[in-house]
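Structure first, then comments.
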Amino acid sequence: MIRFKSLGSGSTGNATVVQVRGDGGVTHLLVDCGLGIRTLDKRLAEAGMLAEQLDALFITHEHADHIGCARHLAIRERIPVWMSEGTWLGMGQPDFGGLLRIACDSAPIEIRNLRVDPFTVPHDAREPLQLTCTDGAVTLGVLTDLGHATQHVLDRLAGCATLLLECNHDRAMLEDGPYPWFLKKRVGGDWGHLANEEAAAIAQSILPRGLRQVVAAHLSEQNNRPDLARAALVDALGACVEIHVADGPTGSAWLTA
Ligand SMILES: [Zn+2]
Ligand SMILES: [Zn+2]
């Protein structure tokens, strides 16, 4: 069984715990670590966990809202930290004290009874990866921070029962909002972030392959609203798919993939 919980989502910091329970025991992976160490410890406690229960850390890319206390946490807990070589270079080649593991597109990672499949996404970072997680029975897709859906992304997500999916902005709110012109271009561009409708189209494309649940994540505080993200997903997916919206500061409840 796979459960997961967003501990925070969006520009204030992204972190998601993925838990697998099975024959091999209980495994916990933290996907991204864009919070300060005290906040992370507090959110883990609120989730009923201790940081020492984490088995590994996966960093999707080097933007500040995803790396936060990654180095501090990995070294304190002596856990491996996976990221692409480009992400490590983009972070300024920090010393992880022998705990760094290099992740690549299409190279599966086994963390006890949890299998992670990283894949390349178009986003304005050095070598960003997003991922699917499976216990062999159910697959959870984690897809935040991408500018547009490539065929590669869609192929990798096919068969996911649950998606934690970026719904970054509402196009009209971004257009009319307070961002300067260059930032509107960046966020709305092919290497920025997904609009609600783009995210909904991604989910819709894998709907026939068994999608059951979507958690809208990485919502912009300035350029989106939870009700707009939810409405775009419901429009595209209908009533058969369960929809949740992760809150920026507090994330989501524990959910089963
Ligand atoms: Zn981000
Ligand atoms: Zn980013």
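Both ligands and their constituent atoms are indexed starting at 1 by order of listing.
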Checklist line | Neighbour count >12 (heavy atoms, 6.0 Å) for atom CD, E221 | finding: no

Checklist line | Heavy-atom side-chain contact between H61 and V121 under 4.5 Å | finding: no

Next item on the list: Report yes if the side chains of H63 and H123 come closer than 4.5 Å at any heavy-atom pair, otherwise no.
Entry: yes

Checklist line | Angular separation of D65 OD2 and H218 NE2 about the Zn ion (ligand 1), given to 10° | finding: 90°

Notebook entry, point to check: About how large, to 10 degrees, is the angle NE2 of H66, then the Zn ion (ligand 1), then OD2 of D145?
Noted result: 90°

Item checked: With V26, the side chain to side chain contact (heavy atoms under 4.5 Å, CB included) member among Q53, R21, R3 -> R21

Check: To the nearest 10°, how many degrees is the angle H61 NE2 to the Zn ion (ligand 2) to H63 ND1?
Finding: 90°

Next item on the list: Could you tell me whether any N, O or S atom belonging to H193 is less than 2.8 Å from the Zn ion (ligand 2)?
Entry: no

